[in-house]
Structure formats: structure tokens, C-alpha cells
Number of protein chains: 2
Amino acid sequence: MSSSSNEYVVKVKAGSEIMAQIMADQSGKSSESNVATSKKIRKKRSKKQQGASVSNKGTTSSGKRVGIREIARQAGVSVATVSMVLNNNPKITEATRQKVNKVIDRVGYRPNRLAQSLSGRYTRVISILMPTLRHAMADPYFGELISGICDRAARLGHKVMLEHAKPDFIRERRHIELFERRFVDGVLCIGFNDRHAFMKDFIENDHPMVVVNNMFPQWGLDHVVCDYRSGAEQVMTYLQQLGHKKIGLVHGAPEVFTAREIIEVYKRRMTTVTGGFDTSWMADGRFTEEHGAEATKKLLEAHPDMTAIFASNDKMAMGAIHYANRHGRSVPSDLSIVGFDDIQYTAFVNPTLTTVHLPLYELGVLACERLVERIRGKSERVREVLPTHLVLRESTSLAASYAPGVG
Amino acid sequence: MSSSSNEYVVKVKAGSEIMAQIMADQSGKSSESNVATSKKIRKKRSKKQQGASVSNKGTTSSGKRVGIREIARQAGVSVATVSMVLNNNPKITEATRQKVNKVIDRVGYRPNRLAQSLSGRYTRVISILMPTLRHAMADPYFGELISGICDRAARLGHKVMLEHAKPDFIRERRHIELFERRFVDGVLCIGFNDRHAFMKDFIENDHPMVVVNNMFPQWGLDHVVCDYRSGAEQVMTYLQQLGHKKIGLVHGAPEVFTAREIIEVYKRRMTTVTGGFDTSWMADGRFTEEHGAEATKKLLEAHPDMTAIFASNDKMAMGAIHYANRHGRSVPSDLSIVGFDDIQYTAFVNPTLTTVHLPLYELGVLACERLVERIRGKSERVREVLPTHLVLRESTSLAASYAPGVG
DNA sequence: ACATTACGGTTAAACAGTTTACCATAGCGG
DNA sequence: CCGCTATGGTAAACTGTTTAACCGTAATGT
């Protein structure tokens, strides 16, 4: 069978024009749509709508959507009263409340939240901001965080928007525009590194923002993060318990704080154990399977006697196993491999992956919670760390050279 | 080493109160936040903000954000003119346009998009609606689609909101509220099945909606979808070319149209080849690794002579390999396994997975594009099918009993 | 008995834009 | 020279809420 780098692709149907067109469009400049066109079309639409919605719920017989004034009229109260009923203002009597609510239910009225937000000072929308890694959303790491955020946001009555921070997005200060144009009340930042200095802009303009699973102490940003240090310690302890001394590290981009934390722990533990250490035992896997495999190649070629590899995330660990498998090392008997993150499918790959579990879903929940607190006015800095733990699976075993009792 | 169903978890740090609290909160009722509280806090905030933003960009010296009237005053024109400049209305002379723009740039004015949307008839937001599968976002299948949607939406000047359709979400008709309260201009539906009849509500109320990678012909919904039928045909052809006759099917929930398409193709191809067929060769894997493994167990126990398994998605295929590996069948020499979807990591697992590639990213792009067209007034039904193709990797080989030339 | 408060609700002014109807000027043909 | 139309811009109405300020009663304190 062909290796993955040399796949044989059977194209039964030739590439359709549809696909070609889609991919061609990719290069188009991001731009507001042509105004003249959209105006014309809009008119057409509204006309058609009138015809369609004949005395539907939420519309008067004339087809116009009903507003708060209409409700007020029908209930025989002022608009202010209706507004207060809507907002559960305690100033309103139970009697009036019921009277108004009856009308609201009957007519199926729903307050226009654009008007609400325009008038009030809130938006009830938060945004998740992340870099434009190709297919970032498809990464279970991000997905898990986002799941947690979405679930909690919904429970707190907030909507969640997704935003990709492309370079031009930042250049045009659209991240600040998010607030200035009243799109959102707060943002959550995921997946950025030390080079993304734009994040400072948020606090400088006093806009609620929380960094998720990362830290930027140099900028004093709020954050919630997993305990990478402890996770790394557990990995090193475990590998050393298994008798491994020649341990390689496939690390993530060092401009990421948490990646540096793992590196630091690794370095310290290596020096205390082997009594010295060399950067040739480390390679950058840039968080992806591909580069993880490459890094592994580099490490194994430099140190054929390596018995274990610690990868700073599961994707790189997968890349490491992939490479090892294809180059005469079976995992774990010849080479132990440990990952980091514990993304879902690592429990189903072959061999299953020993890895550090990060409570990403819970971290998303926590981030959302803290952000909303900030939005509501809480001003204490957010600095929270969630515990991590090692999950033992099949990709690790006793060091080959060790085996004291050969159990 | 322990199997995945019997993991040994090292908990170095005992479960913290933080985590406990987070998980406890999970059961809380979804509710709008207490009004009295939020009001009080809001007042505090606004006071603080005034103090902080001393003559910042976009604010007057008094600390108040500038509006269109202020711009009009400074430029010596009417607000209508400024509005028209903002919207590139051709009625405005180049000279006036420049005059106004200069003021806008100088003062750093950005139009409040809440006011714009309130006044205009659009929102420039679309929503992605999906079921509440636990950790749905962490699934690369959804992630890939969402990636495509987000990228294209941004290019078309639309924001993207994420929405989970919990049962109570539907019961309270919040999916319609999305439109009625003017949250969005359109929605994209992902991951639903025939039991989710609420999707009819959208067309009934004439709200733009497009189903992504699924079909509901019974309700006449717009959709864009991958060619599952062709993909399945390719798989069956390939397996039969390899000499497989005893082929099992681990299918997805049959209330999903595309899942049924695969089942149909499978049934037809099996009857024409083996001249008869039995439902005992099929098992429901419900789209997950766990159930995929279980389904595989059922199939292999019923038919130990099975030489190949066709799984209707990659996750189930992973479950199948997982189970087979642990029960004395090596893949592919004893058992060939084919997946469906071609999610990223299937190229890095062991063995790498032969699977049908779905252009999910492109499908997301297309869906977004078509939805926006509908929003802008186009009224033709959307019914588009994107081609799929088989990707050969390591998880398949000649049927053991076959081997004509024993290559 | 009279000034205070509390209560329940109302009026009208924000909020920040877009759009419609109208208007002055200029150009042009007859 | 008059009426007509095109051009470029304006004033005012409109979008649909919230909220600050105000206002009658009724209950309460002194």
C-alpha cells in the first residue's frame, strides 16, 4: 500500500466546474457587497414578503410586524410599561404584568433585539477570536473549547459569534470595531501567540477580553488556562518511572507561553536526571501532524538510541507514531510516545495514546463565565488555572534497556 | 497495557473545587440573567468608562462616542449626506464624498451597526444551527464545514453566529425568534435528521435557510450536499475489485437521508454480486467511534468469515479498526476497512484509512454563498451536489481468500 | 393634619442610523 | 424666455426599544 505522502487518488468524477469556481473565488478581495445591487434586491424582497405573510403571528393584518407600541395600545398601557414587563422590572404589579403578557402571547410579539441593544448599553453577544490556521475549526482542540464556550454562553443568555483574525482583519482594526460598532460585549481569544500584540488593544480600550488556554503575562491580559506545568511534570515523572532516560521532546511553537512551559519542565527534568542536556533532543513540531512527524525524523536520526518521545500535543504525537511506525520502530515496544491534550479520538487510534488530559470543555465554560462577569462590570483580573492529569494508554511501556524484573 | 475501556487514570491533583463547581452548574436552567442585578452593575460600568476614555479616538472631548450627526456638523453637510457617503450612494459628488470621508477618518468614526440594522432591513449575520451532540464542535466533520462557512461569510461581509438546537430551544420556537427578533438574516442547518421537523418552520415563514450536507426532499428544503451515492458506489466497486464478497456495513442513523443513500447502494451492490443479502450484514454505528466498535463486534460475531467492512463515516471506521485490532484481526490483512468523510487525521492513524473524500470545506463555502444569495432575494430553490472521490490508503487490501496471483 | 415616602405608572427624550419626499439650481430644447 | 428634467443635497419621519424625569394616589411619620 502507498504511504500517506504518496496517496493514490481515484477520481471517478472529474473535477466539476462548481468546485473550480469555489476555489477560484477564494482569492477575491474581502469587500462589502455592491450597494446598488443589494438595495434593488431588498426592495423586491420586502414586496414579496408582504404578499406571503398574510396575517401571520407577530404581524398585524396589514402585514407589518407589530412593535411595542401596538402591544401597549392593545393592552391599554404605555410603552414604558410594556418595556418594564418585558424586562421583569419589579415596579410592575402582577395584575398589569399579566394583562400585558396576555396581549403579548396572543399576538405573538417578540421584542426586536436590535432596538433593545441600540437603546440599552449591551449586546448580549460575545465573539470567539482565533487565528486563521487553515481549517482551524476542524481541530478538536479548538472544537472542544468552543463547545464549552457555546454551551455556557447559551445558558447565560449570550449569543456567540465566530471571528477569524486574519492579518488584514487586525490591520484594519476590525477587532476593535467589533466593540465600537457594537457587534459584541466581549471577546474570547484562542490560539494566539506572543507575536499577536493586537490583543493589548482590548485592555487599552477597556474592552472585556479573556484569553483562553494561554497566558500573556507581559501584557497583563486576563486568562484561564490549563496547568501545563503540572501536566508536563507528570509526563516526565511517568517516563522516568518507566526507566526512560533518552527522552526527546517534540514541542510546539515557542512563541506560545504554554509551549514554553512544557519546554522548561522538560529541560529541568532532563538536566536533573541525565545530568546535562542538549537542544538536539528537542524539535519544533509546530502543533501539526506533518511537522510532528518531521520533528520526530530529525530527533530519531540525531539520536537513534532515543527510547521515548514527549510530544506537546496529540496531533504531533500522532505524527510521531506515524513516522516511527513507518521507519522500523514499533510503538511502544521500541519507542514510547506521550501526547498532550487528550482529544477525543486518541482513545481509538492504534496504539491508543498515553496523554495528558486537558479539561478543555470545562475551560471553555469557565472562560465564558469569567468573560460575562467582566462584561457585567466585575473588575478583578482573571487568572485561573485548571488541573490536568495524565491518562495512561498503550503508547508507552518500559524502556527497552531497562526491564528490571521484566514484568 | 490496559485497553481503552479500562483506562488507568493518574490524578496527581485531586479534583479541584473549580471543576466541581463548573460541572455542578451544568444542570442550571437556561434563563435570562437576573435583571435587577445586571441593571445595577451596568450603571457602575458606564460611570467607570467615562473616566477611562479621555478623548480617545472616536469619542468627543466630553467622552461621548461620536455619531453621524457630529460628523455631519463637522463636515458642514446633512446627516443624510453622511449616511449616503457611508453607503457609497452614487448620488454624492466625489468632492463631497472626500470632504466627509476626511472628517470620518480624522475623528475615527465608525457607524453603529445596531442602528444601521434597525433602520435598514438587514442584519448581516447568519447563524449555524446544529444539534446538541455532546462536544459537537470538536468533531472534525462539523469543524471542516464550519471553517468553510466562516471563511466565505467573512468575505461576503457577514458575521457568523453559532447556535445549538436543544429540544427546549425548538419548543420555545427560538429558532424562529432568531429571525423575528432580528438576530440573523439566514440560517444554515447542519447535522439534523428526519425527526427534526422544526426545519420546515423556516420555509413556512419564508426565512432564508439552507441545509448543509443533507437532504429533506419530503419538506422541500434547500440544500447543498456531497454525492454520497457516488462515493458509496466507488467504495463497493473498489472492494469488489479487491475480491471481497463478504462485506459488512456499519451505517449511520437511518433517519439521515445520506446515511440511507449509502445503505441503498450497499444493498443493491450486494444483491447483484452475492445474489442475495441479509440485514445481519448491517449494523448501526450511530456515527461514533464507540458504537462503530460495537457494531463491528456484532457483525464479526455473526459472520466470522467477513473480509471487509464499509463504515459510513471515518469515526465509525476508527472504531471498527480499534475493535478488530483488539480481537485478533489485523487490518488490512485479515479485514479491510473503508471509511467515509476523509477527515484530517485519518491520514495519520495506523493503518491510514482508505476513505471517501468529501469536500466539506468547499461545501461550507458553497452553502454560505447560496444562503447569502437567498438573503439577497434570489428565489430559485437550491439543490446542489458536490462530487466525491475515493482515497486509497492502507486499511484495505486484497481479500485473503482471493489472491489470484498472490502479489 | 400635614409633609414625606412609596408605589405604579406615564411622557418624552434618547439611542444612531436610513430613507422618503422635497427643494434649489443648472442645463437644455423649443 | 419658458417649461422640463436631471443633479446633488436637505429636513423630517421612521426603525423599536429603554430610561430618566415626572406625577397622581395612598400610606406613613410626627
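Letters go in sequence order (proteins before strands), and every chain restarts at 1.
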Under 3.5 Å, N/O pairs linking protein and nucleotides 7-10 of chain C:
| residue | atom | partner | partner atom | Å |
| --- | --- | --- | --- | --- |
| dG8(C) | O3' | T93(A) | OG1 | 3.0 |
| dG9(C) | OP1 | T93(A) | OG1 | 3.1 |
| dG9(C) | OP1 | T96(A) | OG1 | 2.3 |
| dG9(C) | OP2 | T93(A) | N | 2.9 |
| dG9(C) | OP2 | T93(A) | OG1 | 2.8 |
| dG9(C) | OP2 | T96(A) | OG1 | 3.2 |
| dG9(C) | N7 | K91(A) | NZ | 3.4 |
| dG9(C) | O6 | K91(A) | NZ | 2.3 |
| dT10(C) | OP2 | S78(A) | N | 3.2 |
| dT10(C) | OP2 | S78(A) | OG | 2.9 |
| dT10(C) | OP2 | T81(A) | OG1 | 2.0 |

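- F183(B) does not carry R181(B) over the face of its six-membered ring by the limits of under 6.0 Å from the centre and within 45° of the normal.
- In this entry the distance linking CD of E70(B) with P of dC15(C) reads 13 Å, nearest Å.
- Rounded to whole Å, atom C1' of dT17(D) lies 14 Å from atom CZ of R65(A).
- Comparing dT18(D), dG16(D), dT18(C) by their closest approach to the side chain of I68(B) singles out dT18(C).
- One axis for each end of the helix from dA1(C)-dT30(D) to dG30(C)-dC1(D), each built from five base pairs, and the angle between them comes to 40° at 10° resolution.
- Residues forming a side chain to side chain contact (heavy atoms under 4.5 Å, CB included) with R97(A) (at least two apart in sequence, or on another chain): V85(A), N88(A), I92(A), E94(A), N101(A).
- At dT18(C), one or more side-chain N or O atoms of S83(B) fall inside 4.0 Å of OP1 or OP2 (strictly under the cut-off).
- By the 4.5 Å heavy-atom criterion applied to side chains, E380(B) and E373(B) are not counted as neighbours.
- The aromatic rings of H175(A) and F169(A) sit tilted, their planes meeting at an angle between 30° and 60°.
- Partners of R171(B) according to the side chain to side chain contact (heavy atoms under 4.5 Å, CB included) rule, which considers only residues two or more places apart in sequence or in another chain, are P167(B), D168(B).
- Residue side chain R69(A) does not reach the base of dT15(D) through any donor-acceptor N/O pair under 3.5 Å, judged by distance alone.
- Contact of the V212(A) side chain with the I190(A) side chain is registered, since non-hydrogen atoms from C-beta on lie closer than 4.5 Å.
- In terms of phosphate contacts, N112(A) brings no side-chain nitrogen or oxygen within less than 4.0 Å of OP1 or OP2 of dT15(D).
- An OP1 or OP2 oxygen of dT15(D) is reached within less than 4.0 angstrom by no side-chain nitrogen or oxygen of Y122(B).
- In this structure, the OH atom of Y109(A) is 7 Å from the C1' atom of dG16(D), given to the nearest Å.
- The CG atom of L86(A) sits 12 Å away from the P atom of dT19(D) (whole-angstrom rounding).
- For the salt bridge (charged side-chain N to carboxylate O under 4.0 Å, His left out) test, no residue two or more places apart in sequence or in another chain qualifies with K99(A).
- Aromatic ring centroids of H207(B) and F179(B) lie under 6.0 Å apart.
- dG8(D) atom P lies 11 Å from atom CG of N89(B), rounded to whole Å.
- With sequence neighbours excluded, the residues satisfying side chain to side chain contact (heavy atoms under 4.5 Å, CB included) with A80(A) are S78(A).
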